[in-house]
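Below, read A as the first sequence line, B as the second, and so on, with proteins coming before strands; counting in each chain starts at 1.
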2 protein chains.
Amino acid sequence: MTSRKKRRSCLQSLKPEEIEVMLRKAGLQPTAQRIAICRYVFCEADHPTAEDVKRWADKHLPKISLATVYNTLSALAKAGLLLELKLSHSDCVVYDVNTERHFHFLDEKTGKLFDVGEEELGLELKLKGGLKARAIEVLIRGTSK
Amino acid sequence: MTSRKKRRSCLQSLKPEEIEVMLRKAGLQPTAQRIAICRYVFCEADHPTAEDVKRWADKHLPKISLATVYNTLSALAKAGLLLELKLSHSDCVVYDVNTERHFHFLDEKTGKLFDVGEEELGLELKLKGGLKARAIEVLIRGTSK
DNA sequence: ATATTTGCAAAGCCTTTGCAGGGGA
DNA sequence: TCCCCTGCAAAGGCTTTGCAAATAT
């Protein structure tokens, strides 16, 4: 098993109560919709979009509106529980449960997105003209075998 | 004068006839609208959006439609004369006359975008799991003094 | 009781598309 | 002539917003 897979699986067993605690800590009311969305996003999904979440929710919840999905994801992101990624290959935001500093790899054949750990990409900044870096976003395009 | 400025200024004096030649070489009919858009994009603008181009065109041309602006910019990009950038800080595409391999720097205070030459950022790929890179997109966020 | 959150529909933003008229090759 | 280009308006995809009803503390 690669380190890529390990990183994901560390969150796969969150219980509803743990999600409640997490939401409260983040200052968010643990409503049924939010708990459900978290279960999916943190335990099952891989870089889901709002549409992915909505599709899943329609199967697993009695009712939820698309606006609530957007609001919830955006609230989770604002609370620092998720990263909101706007990548160049797609028009829609994808959410990432990995909030550590990392980069992304897009398999251009399949459209699949992988997290790339800091240790997989060495960066050496030699910026001219007084530019001061604060954060770096990297999308590597290629193929995964 | 920094190298950043030099790179831009090498295109600042294109004459209409030169633009015509460039368009023909690219397989595009040199219509009045296209020539005008090229004058702006190649000689005056700095990472313009379609809206920027439209605004400029409305001041300098008798009439042009937004669709034509989009079509023209997209045709120029398809022809390899421009780069179409979708960056995470903005919902709209920005166009870049610099078609060499390079990266971008966003001044988060001003919103201004700078090109960052390859020599200003060392990259060392150590991808695991059989990922093969083909291209790398980098957006550095920070401040310019 | 009070402040949040939800659902719905409508609107927003950026971009693309369909089609008729116009112009260059 | 024929094909490409233009302009206009409409539609498209994704996301946000306004507001009343429902829910949480």
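Side chain of A/E120 to main chain of B/K128: a donor-acceptor pair is present (N/O by atom type, distance under 3.5 Å, no hydrogens or angles).
The shortest distance between the side-chain N/O atoms of A/S65 and the OP1/OP2 oxygens of C/dT6 is not below 4.0 Å. Remark: B/K86 is not in phosphate contact with C/dC14, judged by side-chain N or O atoms under 4.0 Å from OP1 or OP2. The side chain of A/R34 places an N or O atom within less than 4.0 Å of a non-bridging phosphate oxygen (OP1 or OP2) of C/dT6.
A side-chain donor-acceptor contact under 3.5 Å links A/S144 and A/D107.
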Below 3.5 Å, can you tabulate the donor-acceptor pairs from side chains in residues 23-35 of chain B to any protein atom, sequence neighbours excluded?
unit_1 : atom_1 : unit_2 : atom_2 : d
B/R24  : NH2    : B/E20  : OE1    : 3.3
B/T31  : OG1    : B/R34  : N      : 3.2
B/R34  : NH1    : B/Q29  : O      : 3.2

Under 3.5 Å, side-chain donor or acceptor atoms of residues 68-75 of chain B against the rest of the protein: list the pairs with distances, not counting sequence neighbours.
unit_1 : atom_1 : unit_2 : atom_2 : d
B/T68  : OG1    : B/S65  : OG     : 3.1
B/N71  : ND2    : B/A67  : O      : 3.2
B/T72  : OG1    : B/T68  : O      : 2.9

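Atom CG of B/L81 is separated from atom CD1 of B/I19 by 10.5 Å, given to the nearest 0.5 angstrom.
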When you compare the protein's N or O atoms with those of nucleotides 15-19 of chain D, which come within less than 3.5 Å of each other, and at what distance?
unit_1 : atom_1 : unit_2 : atom_2 : d
D/dT15 : OP1    : A/V93  : N      : 2.7
D/dT15 : OP2    : A/Y70  : OH     : 2.4
D/dT15 : O5'    : A/Y70  : OH     : 3.4

Listing time: all N or O pairs from protein to nucleotides 20-25 of chain C that are below 3.5 Å?
unit_1 : atom_1 : unit_2 : atom_2 : d
C/dA25 : OP1    : B/R24  : NH1    : 3.2

Check nucleotides 10-12 of chain D for protein N or O atoms closer than 3.5 Å to its own N or O atoms and list the pairs.
none

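We find that B/E119 and A/K126 are not joined by a salt bridge, their nearest charged nitrogen and carboxylate oxygen being 4.0 Å or further apart. Between A/D58 and A/K63, none of the side-chain N atoms (NZ, or NE/NH1/NH2) sits under 4.0 Å from a carboxylate O, so this pair counts as no salt bridge. A salt bridge is absent between A/R39 and A/E44; no separation between the charged side-chain nitrogens and carboxylate oxygens falls under 4.0 Å.
Take A/K86 and apply the side chain to side chain donor-acceptor pair (under 3.5 Å) test, not counting sequence neighbours, and it matches B/D91.
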